[in-house]
**Q** 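Take a look at the following structure, please.
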Amino acid sequence: MGFSDQRFDVNLSILFTELPLLERPAAAAAAGFTAVELWWPWIETPTPAQAELDALKKALDDAGTQLVGLNFYAGRLPGPDRGALSLPGEESDRFRANIDVAADFAASVGCTALNALYGNRVEGVDPAVQDELALENLVLAARAAHRIGATLLIETLNATESPLYPLVSAPTGIEVVDRVNEATGLGNATFLLDLYHLSMNGEDLSQVIKTYAAKTGHVQIADNPGRGAPGTGSLPLERLLDELTEAGYAGRVGLEYKPGDRPSAEAFDWLPSEARPAR
């Protein structure tokens, strides 16, 4: 096995960010990739004008790239925010306003994975209140994803870079996945297994893979330390991805790493060109 046997996609919210949004799909295609993913691109609004949605769809189509993953509105990301769905008040309202917008756009481009970042803890707000609100909003998101034949992804982050984010271990993420599936009966909530974040939390990555591969809907990678390309740190990413395959995971692997002090197009020398197109 090895890297050449995986199905990779490029995250256009962390790679190719030196280019305007609408130029990134073509840049990814020029680097040999035909599958891409995105954080919610319009951080200022959960409900962009239809013309902006249409322009992004055209950019994806013109480049011959398939959008395989999309975040729901998550506040200022990159930035201090880590999601909106558990934040009482305006941000929760913005998340709800975004649910059908994001789902409809995903349907229009054939995207079948929608990621819902949980949101930071808010000072002065009872965590139980935030968790109750989170479940309400995740149920709405799961139903919208089901409507378009998509899965809902629940992501854990790392405590060092996201100290106010409550989901900072695989078990806490899986707990939310199970809670949503129990509430909806749909079974379409799944775990977003990010090997970089889990490694930053000091988890046993091989054990996480063995335990939770069956509940994993998407995988993302970056090396550690540094959140760079495979080979820039010390994580045995090739071996870990083989372990995922052996555990039954057959989905895509999102490249969610920083290119470093070089153009993004030069940050893929670890991956043979023939292994980059979607399949």
**Q** Among Val109, Thr112, Leu12, which residue satisfies the side-chain contact (heavy atoms from CB on, under 4.5 Å) criterion with Leu67?
**A**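 The single option meeting the side-chain contact (heavy atoms from CB on, under 4.5 Å) with Leu67 is Val109.
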
**Q** Using the side-chain contact (heavy atoms from CB on, under 4.5 Å) rule, take Asp54 and Lys57 through it: C-alpha gap first, then chi angles, then the decisive distance, then the call.
**A** CA-CA 5 Å; Asp54 292 343; Lys57 181 181 186 303; 5.5 Å; no

**Q** Please answer whether the main-chain N or O of Asp9 pairs with a side-chain N or O of Arg252 as donor and acceptor at a distance below 3.5 Å.
**A**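 No; zero donor-acceptor contacts below 3.5 Å.
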
**Q** Which of these passes ring-ring contact (aromatic ring centres under 6.0 Å, His included) with Phe33: Phe268, Phe8, Phe16?
**A**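 Option passing the ring-ring contact (aromatic ring centres under 6.0 Å, His included) with Phe33: Phe268.
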
**Q** Under 3.5 Å, side chain of Asn201 to main-chain N/O of Ala159, donor-acceptor pair present?
**A**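 Present.
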
**Q** Do Asn224 side-chain atoms and Leu235 backbone N/O form a donor-acceptor pair below 3.5 Å?
**A** no

**Q** How long is the span from the OG1 atom in Thr245 to the CG atom in Leu240, to the nearest 0.5 Å?
**A**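 The CG atom of Leu240 is 11.0 Å from OG1 of Thr245, to the nearest 0.5 Å.
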
**Q** Closer than 3.5 angstrom, by distance alone: can the side chain of Trp40 be matched with the main-chain N or O of Gly75 as a donor-acceptor pair?
**A** no

**Q** Could you walk me through whether Val219 and Leu241 satisfy the side-chain contact (heavy atoms from CB on, under 4.5 Å) test, starting with their C-alpha distance in whole Å, then the side-chain angles of each, then the deciding distance to 0.1 Å, before giving a yes or no?
**A** CA-CA 9 Å; Val219 170; Leu241 292 180; 4.3 Å; yes

**Q** To the nearest 0.5 Å, what is the distance between CG (Leu138) and OG1 (Thr184)?
**A** 10.0 Å

**Q** Under 4.5 Å between side-chain heavy atoms, hopping through other hydrophobics if needed: is there a path connecting Leu21 to Leu19?
**A**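 Both belong to a single hydrophobic cluster.
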
**Q** Quick check: closest heavy atoms across Asn188 and Ala142, and the distance to 0.1 Å?
**A** ND2-O, 3.0 Å

**Q** Does Ala250 offer a backbone N or O that forms a donor-acceptor pair with the side chain of Arg7 under 3.5 Å?
**A** yes

**Q** Do the side chains of Leu255 and Leu192 join up, straight or via other hydrophobic residues, at under 4.5 Å, putting them in one cluster?
**A**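 Shared cluster, no.
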
**Q** Rounded to the nearest 0.5 Å, what's the gap from CG on Leu167 to NE2 on His197? Could you check?
**A**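 Between atom CG of Leu167 and atom NE2 of His197 there are 11.5 Å.
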
**Q** Any idea which heavy atoms bring Asp126 and Ala128 closest together, and the distance?
**A**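 Closest heavy-atom pair between Asp126 and Ala128: OD1-N, 2.9 Å.
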
**Q** Are Leu117 and Tyr165 side-chain neighbours, meaning at least one heavy-atom pair lies under 4.5 Å?
**A**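 When only atoms from C-beta onward are counted, Tyr165 and Leu117 do touch, with a gap below 4.5 Å.
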
**Q** With a 4.5 Å limit on heavy-atom distance, are the side chains of Asp104 and Arg147 in contact?
**A** yes

**Q** Can you find a pair of side-chain heavy atoms, one from Thr190 and one from Ile154, that are under 4.5 Å apart?
**A**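 No; the side chains remain at least 4.5 Å from each other.
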
**Q** If hydrophobic clusters are built from ILVMFWY residues whose side chains come within less than 4.5 Å, do Val10 and Leu114 share one?
**A** yes

**Q** Side chains of Val36 and Val68: does their closest heavy-atom pair fall under 4.5 Å?
**A**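 Result no, sub-4.5 Å side-chain heavy-atom pair not found.
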
**Q** Let me know which of Arg227, Glu161, Glu256 forms a side-chain hydrogen bond (donor to acceptor under 3.5 Å, both in side chains) with Tyr196.
**A** Glu161

**Q** Minimum heavy-atom separation for Ser4 and Ala275, please, with both atom names.
**A**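 So the two residues come closest at CA-CB, 3.8 Å.
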
**Q** Report yes or no: do Tyr73 and Arg94 form a side-chain donor-acceptor pair below 3.5 Å?
**A**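 Short answer, yes.
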
**Q** side-chain contact (heavy atoms from CB on, under 4.5 Å) for Ser162 and Val168? Distances and angles first, verdict last.
**A** CA-CA 8 Å; Ser162 304; Val168 289; 5.5 Å; no

**Q** Go through it in stages, so that I can follow the logic: the residues are Val139 and Arg143, the test is side-chain contact (heavy atoms from CB on, under 4.5 Å), and I'd like the CA-CA distance, side-chain angles, deciding distance and then a yes or no.
**A** CA-CA 6 Å; Val139 164; Arg143 289 172 177 160; 3.5 Å; yes

**Q** Grab the two heavy atoms, one from Ala107 and one from Ile148, that are nearest each other, plus how far apart they are.
**A**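 Heavy-atom minimum between the residues: CB-CG2, 3.8 Å.
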
**Q** Between Thr65 and Leu60 (side chain of the first, backbone of the second, donor and acceptor by atom type, cut-off under 3.5 Å), is there such a pair?
**A**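 Looks like yes, one N/O pair under 3.5 Å.
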
**Q** Please tell me if the side chains of Glu37 and Gln220 come closer than 4.5 Å, counting only heavy atoms from C-beta onward.
**A**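 Sidechains of Gln220 and Glu37: in contact.
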
**Q** Quick check on Glu23: does its CD atom have over 12 non-hydrogen neighbours (other residues, nucleotides or ligands) under 6.0 Å away?
**A** yes

**Q** Decide whether Asn115 and Asn71 meet the rule of one side-chain donor and one side-chain acceptor closer than 3.5 Å.
**A**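 Side-chain D/A pair, Asn115 to Asn71: present.
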
**Q** Looking only at non-hydrogen atoms, find the nearest pair between Lys258 and Gly226 and report the distance.
**A**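 What the structure gives for the nearest pair is CD-O, 4.4 Å.
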
**Q** Could you check if a side-chain atom of Pro166 sits within less than 4.5 angstrom of a side-chain atom of Thr172, using non-hydrogen atoms only?
**A**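 Pro166 does not reach Thr172 side chain to side chain.
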
**Q** Is a donor from one side chain sitting under 3.5 angstrom from an acceptor on the other, for Ser169 and Glu203?
**A** no

**Q** Starting at CD1 of Ile14, measure out to CG of Leu38 and round the result to the nearest 0.5 Å.
**A**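 With rounding to 0.5 Å, CD1 (Ile14) is 12.0 Å from CG (Leu38).
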
**Q** Give the cluster check for Leu135 versus Leu186: same hydrophobic cluster or not, with ILVMFWY residues linked at side-chain heavy-atom distances below 4.5 Å.
**A** no

**Q** Quick check for you: to the nearest 0.5 Å, what is the distance between Asp194 atom CG and Thr156 atom OG1?
**A** 7.0 Å

**Q** Measure the spacing between CD1 of Ile209 and CG of Leu244 and express it to the nearest 0.5 Å.
**A**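 Answer rounded to 0.5 Å: 4.0 Å.
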
**Q** Taking the side chain as C-beta and beyond, is there a heavy-atom pair between Pro46 and Val101 under 4.5 Å?
**A**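 In short, these two side chains do not touch, never coming nearer than 4.5 Å.
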
**Q** Would a distance-only check, ignoring hydrogens and angles, find a side-chain to backbone donor-acceptor pair under 3.5 Å from Arg279 to Gln6?
**A**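 Yes, Arg279 side chain to Gln6 backbone: donor-acceptor pair under 3.5 Å.
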
**Q** Taking the side chain from Ser86 and the backbone from Tyr118, do they hold a donor-acceptor pair closer than 3.5 Å?
**A** yes

**Q** Any sub-3.5 Å donor-acceptor pair from Asp81's side-chain atoms to Gly119's backbone N or O?
**A** no

**Q** If you count heavy atoms of other groups shown closer than 6.0 angstrom to CD of Glu274, is the number above 12?
**A**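 Yes, the 6.0 Å shell around CD holds more than 12 heavy atoms from other groups.
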
**Q** I'd like to know if Arg82 and Glu155 make a salt bridge, using a cut-off of under 4.0 Å between side-chain N and carboxylate O.
**A**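 Salt bridge absent between Arg82 and Glu155.
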
**Q** State yes or no: do Leu193 and Leu152 share one hydrophobic cluster built from I, L, V, M, F, W and Y residues joined by side-chain heavy-atom distances below 4.5 Å, directly or via other members?
**A** yes

**Q** Could you tell me whether the side chain of Arg24 reaches within less than 4.5 Å of the side chain of Thr17, counting heavy atoms only?
**A** yes

**Q** Does Asp62 reach the main-chain N or O of Pro25 with its side chain, forming a donor-acceptor pair under 3.5 Å?
**A** no

